[in-house]
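Structure record follows, encoded as structure tokens.
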Amino acid sequence: MHYRQLGPSGLKISALSFGAWVTFGKQIGDAVATKLLHTAYDAGVNFFDNAEAYADGQAELVMGTILKKSGWRRSSYLVSSKVYFGWEDDKPNQSGLSRKHVVDACHDALRRLQVDYLDLYYCHRPDPSVPIYETARAMHDLIVQGKVLYWGTSEWSATELREAHRVCAAHDLHAPVVEQPQYNLFHRARVEKEYGPLYKSPGLGTTIWSPLASGILTGKYTSGVPKNSRLDAPGMEWLRDMILNDPAAKAKIAAVPRLAAIADGLGTSLPKLAIAWCLKNPHVSSVILGASRVEQLQENLGALAVVDQLTPAVMRQLNAIAKPVAT
Ligand code: NDP
């Protein structure tokens with residue numbers, strides 16, 4: 001495993017990390033979840049990603065039980081939660097980024113994950129209904145109380161991030177150090193262009209999500225939706241509709257066999273190649289892997305060994321295929 005510095009912070013994060021979305025507490029049983037987390041940890045993964053909304057809190061409960069039973073030293077891993085979408089009902093203050101929900105959701109995550117503190121606590125989306133000062137102040141206070149070590153954002157615009165930093169500097173608050181954006185061969189504008197100036201100043205770590213575009217970049221959806229895949233899973237109809245009915249997504253799926261041919265030529269697999277492509281970007285602190293089977297995770301962890309095969313010539317070939325259809 002390689003470790004990278006998380007943006008402007010002093011934290012070392014594994015270049016490959018592991019997340020619980022769709023799978024833990026939902027698509028897979030607890031025995032598989034246990035094997036997955038242990039496989040990741042044994043390979044040197046030190047960051048496990050979670051959120052209040054994943055399986056309405058169940059993903060954190062499952063991960064917390066596994067962490068507790070593992071006997072791993074708390075100092076040896078990082079665990080996150082994210083606040084915004086909520087997990088209970090739809091009552092006022094049960095979602096969003098108000099001071100109340102940020103604090104309630106932190107306490108809930110600590111209880112479910114059975115830890116004394118969260119290493120990373122993300123605002124899962126921006127909340128225009130709440131002043132950024134209120135959210136930043138709540139995050140700062142949780143850090144001062146020792147319940148959170150670092151805070152960050154997910155899918156905030158560069159403008160929102162700049163405003164958060166301005167407010168934090170003006171009020172002497174702990175500032176966000178990490179953003180969690182989607183990034184893969186087919187989805188790249190925000191990471192590559194919009195955030196560009198932020199990496200240098202004020203500094204920005206990135207833990208990127210959906211490196212395989214929910215599985216599209218494995219080639220599994222090239223001729224339909226296979227049984228027992230994410231797009232076939234109950235509750236994921238919205239994602240299936242979004243992907244299969246979107247003309248831009250169809251162009252992406254159509255480009256996959258050409259990417260697979262490049263992987264073939266290099267003697268590797270498309271998932272490994274696609275993940276290695278994400279790792280190639282020095283502004284990516286960690287690529288969060290997702291898997292519903294242990295074999296998938298074992299394969300994807302092999303991406304580290306493929307990075308050196310991505311010469312400038314190979315990168316040009318990949319970009320020539322992916323860029324025209326990318327968002
Ligand atoms: P990917 O795009 O890598 O998709 C992972 C899924 O693809 C797996 O669950 C599996 O689904 C399939 N897959 C993975 N590897 C293989 C393989 N080698 N061969 C065949 N199929 C494979 O990542 P995710 O979308 O899961 O995102 C990773 C993590 O990022 C999440 O767990 C979460 O922690 C985080 N995330 C954060 C978001 C945010 O808003 N901040 C949003 C989304 C994710 P299957 O077997 O079911 O087809």
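Numbering of ligands and ligand atoms starts at 1, following listing order.
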- Quick one: CZ on R316 to CG on L318, what's the gap to the nearest 0.5 Å? 11.5 Å
- Out of curiosity, K35 NZ to R293 CZ, how far, rounded to the nearest 0.5 Å?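 Interatomic distance, K35 NZ to R293 CZ, rounded to 0.5 Å: 13.0 Å.
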Select the closest option to [atom] among [options], judged by heavy-atom distance.
| atom | options | result |
| --- | --- | --- |
| atom 31 (C) of ligand 1 | Y221, F18, W21 | W21 |
| atom 28 (C) of ligand 1 | I208, N184, I288 | I288 |
| atom 33 (C) of ligand 1 | D49, T218, T207 | D49 |

Would you call [X] a ligand 1 contact, heavy-atom distance under 4.0 Å?
| X | result |
| --- | --- |
| E155 | no |
| Y122 | no |
| Q182 | no |
| K272 | no |

- Any ion pair linking E134 and R137 (charged N to carboxylate O, less than 4.0 Å)?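 E134 and R137: not salt-bridged.
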- Query: So, are D49 and K82 salt-bridged, with charged N and O less than 4.0 Å apart?
  - Reply: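 Salt bridge present between D49 and K82.
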Counting only heavy atoms, which portion of [X] has something under 4.0 Å from ligand 1: side chain, backbone, both, or neither?
| X | result |
| --- | --- |
| A51 | neither |
| Y54 | side chain |
| S154 | side chain |
| S210 | both |
| A20 | backbone |
| H124 | side chain |
| E299 | side chain |

What protein heavy atom sits nearest [atom], and how far away is it?
| atom | value |
| --- | --- |
| atom 26 (O) of ligand 1 | R230 NH2, 2.6 Å |
| atom 4 (O) of ligand 1 | S214 CA, 3.6 Å |
| atom 36 (N) of ligand 1 | W209 CB, 3.3 Å |
| atom 15 (N) of ligand 1 | N300 ND2, 2.8 Å |

- Inspect the surroundings of CG in D42 and state if more than 12 heavy atoms from other residues, nucleotides or ligands are less than 6.0 Å away. yes
- Message: Tell me whether N245 at atom CG has more than 12 heavy atoms from other residues, nucleotides or ligands lying less than 6.0 Å away.
- Response: yes
Between [X] and ligand 1, is there a nitrogen or oxygen pair with a distance under 3.5 Å?
| X | value |
| --- | --- |
| T23 | no |
| N50 | no |
| Q27 | yes |
| P271 | no |

Numbering as shown, the atoms of ligand 1 that approach [X] to under 4.0 Å (heavy-atom distance):
| X | answer |
| --- | --- |
| G19 | 32 (O), 34 (O) |
| S229 | 47 (O), 48 (O) |
| G215 | 4 (O), 7 (O) |

Minimum-distance pair of heavy atoms, taken over all atoms of [X] and [Y]:
| X | Y | answer |
| --- | --- | --- |
| V32 | S292 | CG1-O, 3.8 Å |
| Q182 | E155 | N-OE2, 2.7 Å |
| Q5 | G10 | NE2-CA, 3.3 Å |
| P211 | I208 | CB-CD1, 4.2 Å |

- Message: Using ring centroids (six-membered ring only for Trp), state whether Y122 and W156 fall under 6.0 Å.
- Response: no
- Centroid-centroid under 6.0 Å between H283 and Y195 rings: no
- Would you say the side chains of Y41 and S76 form a donor-acceptor pair under 3.5 Å? yes
- Item | Cation over ring face, R74 and Y117, 6.0 Å, 45° | yes
